[in-house]
Each structure stands twice: as C-alpha cells, then as structure tokens.
A.B. asks: 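A single structure is presented below for examination.
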Amino acid sequence: MPSWAPAIGLTLFPQVGAIAARFITEREVETWFKTLVKPSWCPPNWMFGPVWGTLFTSMGYGSYLIYKELGGLNENAVVPLGLYASQLALVWAWTPIVFGAHKIGWGLVHILLLWGAAAAATTASWFPISRPAAYLMLPYLAWLTLASALNYRFWRDNKDKSE
C-alpha cells in the first residue's frame with residue numbers, strides 16, 4: 001500500500017456517510033423541512049453541505065494523525081479510533097432519524113449523546129496523542145453545539161410535525 005493511501009483514505013472516509021445522508025436530505029429539504037418553524041438564527045439551507053463537508057474532512061484528517069502517531073491500527077489505537085468510529089456512526093445516523101423518520105425528539109436525544117458521549121470523548125482521547133488532531137475536532141464540537149440548539153428548537157416549535 002502506498003504511504004499516502006491512509007492519509008487520503010482516512011481523510012475522505014467520513015464523506016461516505018455524508019454522501020448517503022445527502023440522498024435523504026435532498027428529498028426532505030424541499031418538502032418536510034421547509035414546513036418547519038425555524039429560529040431566526042438558523043443558518044440558510046445552502047450552508048449545511050459545505051460546513052459538514054469541511055467538518056468531515058477535518059475530522060477525517062485528524063483520525064489519520066492519530067493513526068499515524070500510534071503506528072497504525074493496533075491495541076493503542078482501539079480507544080481513540082474506536083471512539084472516533086462510534087461518533088462517526090452516530091453522526092451518520094442522525095440524518096435518517098430526523099430527515100428520514102421525522103423523529104425530531106429522538107434526534108435531539110441522539111445528538112446530545114453524540115456530542116457528549118462520543119464527539120467530546122473522542123476529542124479528549126486524542127488530545128494527549130496529537131494536539132493538532134484534537135484541535136481539528138473543535139470546530140465540529142462547536143457546530144454540534146449549534147446543531148443541538150437547532151434540534152431543540154425544531155422539536156420545541158414543531159411538535160405537531162414530528163412523527
């Protein structure tokens with residue numbers, strides 16, 4: 001395997017879930033999502049794709065830095081990369097819950113677990129291994145904070161539109 005393959009593969013891997021989520025989101029943004037009451041501070045729809053793309057690329061590169069620092073996939077990498085994989089699976093699952101099933105309340109529970117139990121834990125586990133990798137997670141945590149607040153407002157203000 002070429003030496004550059006892990007860097008490219010791990011950096012781009014998070015985009016897999018983003019591409020899959022796009023198929024669900026595209027259909028729902030112009031139908032169901034358009035009907036939701038949104039707070040005045042909700043970012044415009046066009047912003048979500050570029051932001052998520054940037055965040056996924058950033059966290060993917062962070063995972064590569066951890067992989068490289070720990071010498072690949074070995075027993076030292078189990079916790080930091082296992083936490084990363086769990087938060088990645090959780091973030092990928094949010095879109096089908098909210099946009100696919102219209103379960104805004106469950107989406108709120110889900111995103112709060114994602115933030116605290118997975119994304120923050122991943123960042124904390126990465127810090128002693130690679131500070132740059134942990135720093136690459138900080139914009140993601142900030143965006144998850146905004147997304148959590150939005151999810152709460154969507155749930156609070158649209159209880160009649162959640163199935």
Side-chain angles (χ1 to χ4, degrees), residues 1-26 28 42-43 47-156 162:
M1 170 173 18
S3 60
W4 51 265
I8 299 297
L10 290 169
T11 299
L12 295 179
F13 181 68
Q15 302 296 340
V16 171
I19 291 166
R22 182 174 170 224
F23 292 108
I24 296 169
T25 307
E26 266 185 352
E28 297 296 328
C42 182
M47 187 179 283
F48 288 92
V51 169
W52 277 113
T54 301
L55 294 172
F56 280 136
T57 301
S58 177
M59 75 172 77
Y61 187 69
S63 75
Y64 165 70
L65 294 176
I66 297 300
Y67 171 90
K68 185 176 91 173
E69 188 66 31
L70 295 177
L73 296 175
N74 55 50
E75 69 180 42
N76 294 329
V78 169
V79 171
L81 292 180
L83 285 168
Y84 170 71
S86 69
Q87 72 81 31
L88 199 55
L90 285 169
V91 75
W92 287 347
W94 184 88
T95 297
I97 291 168
V98 175
F99 280 89
H102 303 169
K103 302 289 187 187
I104 302 171
W106 282 113
L108 178 58
V109 170
H110 186 89
I111 201 168
L112 293 174
L113 287 171
L114 164 62
W115 196 103
T122 298
T123 305
S125 76
W126 285 10
F127 191 79
I129 301 163
S130 169
R131 286 186 179 184
Y135 294 151
L136 286 169
M137 293 291 284
L138 295 180
Y140 173 55
L141 288 171
W143 186 256
L144 281 178
T145 302
L146 173 67
S148 298
L150 280 171
N151 198 147
Y152 168 73
R153 287 291 301 269
F154 294 160
W155 171 74
R156 188 193 78 181
S162 183

A.B. asks: Indicate the atoms forming the closest heavy-atom contact of I129 with P80, along with that distance.
C.D. replies: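 I129 and P80 have their closest heavy atoms at CD1-CG, 3.6 Å.
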
A.B. asks: Using the test salt bridge (charged side-chain N to carboxylate O under 4.0 Å, His left out), find all partners of R131 that sit at least two apart in sequence or belong to another chain.
C.D. replies: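 Not a single residue meets the salt bridge (charged side-chain N to carboxylate O under 4.0 Å, His left out) criterion with R131.
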
A.B. asks: G107 and I97: which non-hydrogen atoms are nearest, and at how many Å?
C.D. replies: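 What the structure gives for the nearest pair is N-CG2, 3.7 Å.
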
A.B. asks: How long is the gap from CH2 on W126 to CG on L83, to the nearest 0.5 Å?
C.D. replies: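 If I round to the nearest 0.5 Å, the distance is 10.0 Å.
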
A.B. asks: For a 4.5 angstrom cut-off between non-hydrogen side-chain atoms, does V98 reach E28?
C.D. replies: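 No - every pair of side-chain heavy atoms lies 4.5 Å or more apart.
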
A.B. asks: Once you round to the nearest 0.5 Å, how far does CG of N151 lie from CZ of F154?
C.D. replies: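 Separation between the atoms: 7.5 Å.
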
A.B. asks: Indicate the atoms forming the closest heavy-atom contact of S125 with P128, along with that distance.
C.D. replies: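 Taking every non-hydrogen atom into account, O-CD, 3.5 Å.
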
A.B. asks: Considering all heavy atoms of both residues, which atom of G53 and which atom of Q15 are nearest to each other, and what is their separation?
C.D. replies: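 Closest heavy-atom pair between G53 and Q15: O-NE2, 3.0 Å.
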
A.B. asks: Is it the case that atom CH2 in W143 sees more than 12 heavy atoms from other parts of the structure closer than 6.0 Å?
C.D. replies: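 More than 12 heavy atoms, drawn from other residues, nucleotides or ligands, come within 6.0 Å of this atom.
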
A.B. asks: Under 3.5 Å, side chain of W52 to main-chain N/O of A18, donor-acceptor pair present?
C.D. replies: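 Checking the backbone N and O of A18 against the side chain of W52, no donor-acceptor pair under 3.5 Å is found.
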
A.B. asks: Are the side chains of L146 and P43 in contact, using a 4.5 Å heavy-atom criterion?
C.D. replies: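 Side-chain contact under 4.5 Å: yes.
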
A.B. asks: How far apart are the closest heavy atoms of L10 and Y64, and which atoms are they?
C.D. replies: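 Heavy-atom minimum between the residues: CD1-CA, 3.8 Å.
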
A.B. asks: Any chance CZ of R22 has more than 12 other-residue heavy atoms, nucleotides or ligands included, within less than 6.0 Å?
C.D. replies: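 It does not: R22 CZ has 12 such atoms or fewer within range.
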
A.B. asks: What are the two closest non-hydrogen atoms of A119 and Q87, and how far apart are they?
C.D. replies: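 Nearest heavy atoms, A119 then Q87: N-CB, 3.8 Å.
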
A.B. asks: Let me confirm one number: the OG-CG distance from S130 to L70, rounded to the nearest 0.5 Å.
C.D. replies: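 So the gap between those two atoms works out to 9.0 Å.
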
A.B. asks: Keeping T11 on the side-chain end and A7 on the backbone end, is there a donor-acceptor pair under 3.5 Å?
C.D. replies: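 Pair found, side chain donor or acceptor close to backbone of A7.
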
